[in-house]
Every structure is written in structure tokens, then in C-alpha cells.
2 protein chains.
Amino acid sequence: MNQEHLDHIFGALSDATRRGMLEQLSRGEANVSALASSHEMSQPAISKHLKVLERAGLIRKQRRGREQFVRVNPEAAKAAQAWIDHYSRYWAEQFDAVDAYLQSKKETKQ
Amino acid sequence: MNQEHLDHIFGALSDATRRGMLEQLSRGEANVSALASSHEMSQPAISKHLKVLERAGLIRKQRRGREQFVRVNPEAAKAAQAWIDHYSRYWAEQFDAVDAYLQSKKETKQ
DNA sequence: TTGATTCATAACTAAATGGTTATATGTCAA
DNA sequence: TTGACATATAACCATTTAGTTATGAATCAA
């Protein structure tokens with residue numbers, strides 16, 4: 001997993017409109033117009049958000065006639081998930097260690 | 001969990017320098033100078049990144065004399081983790097559904 | 001074939017981001 | 001008490017982001 005890809009994934013997820021789009025897509029594929037009408041925003045703005053999601057690999061587009069159907073790519077988010085899962089283990093340990101230290105200090109005082 | 005907080009958390013994680021800082025902090029607390037010297041960047045730049053991480057709740061700062069010690073807050077990342085975990089379940093289902101549909105179409109043709 | 005629909009793209013704007021250098025503030029140590 | 005150290009803040013800059021409107025291109029349907 002390279003850093004730039006993680007930048008793109010986390011960056012794509014950092015916007016509520018895009019998260020809303022992913023939520024909508026979790027209930028089924030949608031075309032661009034459907035996405036635009038669900039989110040109070042112009043169609044070009046939605047197309048831009050789709051580019052961001054696509055760059056992150058979070059969605060795939062498929063043209064059928066004049067419509068563009070969009071669906072999620074469940075693989076992509078796994079990189080982000082893995083990153084958080086990996087480090088949260090160490091963060092918890094780190095936190096517990098500080099906790100234990102403060103505890104021992106307190107006990108010494110008594 | 002509110003949307004703005006998720007914006008901040010994912011936004012904070014979308015930068016490789018900040019992820020590097022969190023990685024460093026997973027090995028123990030550090031002061032600002034230590035963080036600055038690990039990442040080839042000026043001290044003010046690091047202070048800015050710390051503000052972003054702090055706004056997201058991912059770190060806590062504690063002043064001891066003239067030094068500012070920084071440690072991770074393992075709770076904050078859980079919101080991001082929960083969001084991804086929640087939706088990735090639906091995304092996988094969605095993906096499988098499309099897959100099954102394409103499969104059935106293929107079988108009908110035969 | 002014409003008109004409507006679907007989407008992409010261009011051009012623009014305001015605000016946010018990520019960096020810099022310079023400087024101010026507070027603390028420690030000699 | 002003075003000088004060095006640790007950090008914060010201000011001012012600035014370039015780039016990116018998130019939106020807009022206007023328009024172009026492809027496709028469908030009457």
C-alpha cells in the first residue's frame with residue numbers, strides 16, 4: 001500500500017457529501033442524476049466528487065448508453081481499514097502504558 | 001457521531017506526514033522538537049499538523065515546563081473505524097449482489 | 001431529424017491547506 | 001539576570017478544494 005493511495009482514500013472520505021454518496025451506493029448502484037438529486041448540489045459538483053471517489057478507487061463507473069452507472073468497490077476501503085486497525089492496536093497499548101505509569105506513580109506516593 | 005467530526009478525523013488521516021507522526025507516537029509520547037526532527041519539516045509546520053490532529057481528537061498535548069508532550073488518543077480513531085466497518089459490510093453485499101446478477105444473466109444465456 | 005436527456009468539461013471564485021521565514025513568549029540553567 | 005531552548009503565532013505564498021454557471025457532446029425517442 002503506498003502513501004499516495006492512502007492520502008486519496010482518507011481524503012475522499014473526509015467530505016460528508018462523498019460519504020453520503022457512498023452511503024447511497026451501499027443501497028444499490030445509481031446514475032449521476034440520481035446521485036445529484038439526492039444531494040442538494042449541481043450535477044457538475046457531483047461529477048467532481050465522483051472523480052475524487054474514483055481516484056481513491058472507492059467507486060467504479062460503467063457507461064450504459066447515455067447514463068453512467070456508479071457502484072462501490074469494496075476492496076478500496078480495506079487499505080484505510082487496515083491502516084487504522086494496525087495502528088489502533090499500538091495506540092491502545094501506548095495509552096495503557098501511560099495509564100499504568102501514572103497509576104504506579106500514584107501508588108508510590110501513598 | 002457527527003459529520004464534522006468525521007470530516008476532521010478522515011481529513012487528519014489524509015496526509016502522509018500526519019500519519020507518520022501518529023506512527024511515531026504509537027511508539028511513545030514525543031515533544032514537538034522530536035516530531036519535527038523525525039519529519040523533514042520546519043517546527044511551525046509540525047505545530048500546524050499537531051493542530052489538525054488535535055482538532056480531530058487524535059492526539060492530546062500536555063505541557064511540562066517549556067516542552068509540550070504529545071500522545072495519541074486511541075478513542076478518536078474509533079469513529080472512523082466504525083464508519084468504515086459499518087459500510088464495508090453493505091458494500092460487500094452490494095458487490096456480491098451485482099456479481100450474482102451478472103452470473104445469473106450469464107447462465108440464462110447458456 | 002430534431003429536441004430532450006445525461007453527463008463531462010471549461011472557466012471562474014472563495015476558502016482551505018501546507019509550507020515557508022520572522023518573531024514573540026515562556027521557561028530553564030548558568 | 002542573561003542567554004539558550006521549546007514552542008506558538010503572524011504574515012505570507014502557492015496549490016488544492018469545493019462550489020458555481022455556461023456550454024459541449026453523445027444518445028435516445030418521437
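Letters go in sequence order (proteins before strands), and every chain restarts at 1. For the numbers below, each heavy atom of this structure counts, side chains included, while hydrogens, waters and symmetry mates do not.
- Atom CG in B:L50 sits about 13 Å away from atom C1' in D:dA6, given to the nearest Å.
- Between A:E75 and A:K78 there is a salt bridge, since at least one side-chain N of the basic residue sits less than 4.0 Å from a carboxylate O of the acidic one.
- Contact annotation: B:K51 reaches the phosphate of D:dT9 (side-chain N/O to OP1 or OP2, under 4.0 Å).
- Among the protein residues, B:S33 comes within range of the sugar-phosphate backbone only, with heavy atoms under 4.0 Å from sugar or phosphate atoms but none that close to a base.
- Listed pair A:S42 / D:dG19 fails the phosphate criterion, with no side-chain N or O lying under 4.0 Å from OP1 or OP2.
- Rounded to whole Å, the distance from NZ on B:K48 to P on D:dT9 is 12 Å.
- Look at B:H49 and you'll find a side-chain N or O under 4.0 angstrom from OP1 or OP2 of C:dG19.
- Residue B:K51 qualifies as open at atom NZ: its count of foreign heavy atoms under 6.0 Å is 12 or below.
- Taking the side chain as every heavy atom from C-beta outward, B:H39 and B:H49 never approach each other to under 4.5 Å.
- Here C:dC7 presents its C1' atom at 14 Å from CD1 of A:I59, a figure rounded to the nearest Å.
- The structure places CG of A:L50 at 12.5 Å from NZ of A:K48, a figure rounded to the nearest 0.5 Å.
- Looking at heavy atoms from C-beta onward, A:L6 lies in side-chain contact with A:W83 at the 4.5 angstrom threshold.
- Atom CD in A:Q68 sits roughly 13 Å away from atom P in C:dT6 (whole-Å rounding).
- The interatomic distance linking B:D7 (CG) with C:dT17 (P) rounds to 10 Å, in whole Å.
- Mapping A:G65 and A:R55 onto DNA chain D by nearest heavy atom places A:R55 at the nucleotide closer to the 5' end.
- With D:dT20, C:dT9, C:dG18 as the candidates, the nucleotide lying closest to the side chain of B:D15 is C:dG18.
- For A:R66, whose side chain is taken as the heavy atoms from C-beta onward, the closest listed nucleotide among D:dA29, D:dT21, C:dG19 is D:dA29.
- Checking D:dT7, C:dA22, D:dC12 against every side-chain atom of B:N31, the shortest atom distance belongs to D:dT7.
- Using a 4.5 Å heavy-atom threshold, the side chains of A:L58 and A:H8 count as separate.
- Close to D:dA18, at under 4.0 Å from its OP1 or OP2, lies a side-chain N or O of A:R18.
- B:Q3 places its CD atom 17 Å from the C1' atom of D:dA18, with the value rounded to the nearest Å.
- The side chain of A:P44 has C:dA10 as its nearest neighbour among D:dT9, C:dC7, C:dA10.
- The separation between A:F69 atom CZ and C:dT5 atom C1' is 13 Å, rounded to whole Å.
- Residue A:S47 places at least one side-chain N or O under 4.0 Å from the OP1 or OP2 atom of C:dA8.
- As a whole-Å value, the separation of A:Q62 CD from D:dT27 C1' is 16 Å.
- Using a 4.0 Å heavy-atom criterion, one finds that A:Q43 contacts the bases of the nucleic acid, with or without backbone contacts as well.
- Note on B:K61: a side-chain N or O is less than 4.0 Å away from OP1 or OP2 of D:dA8.
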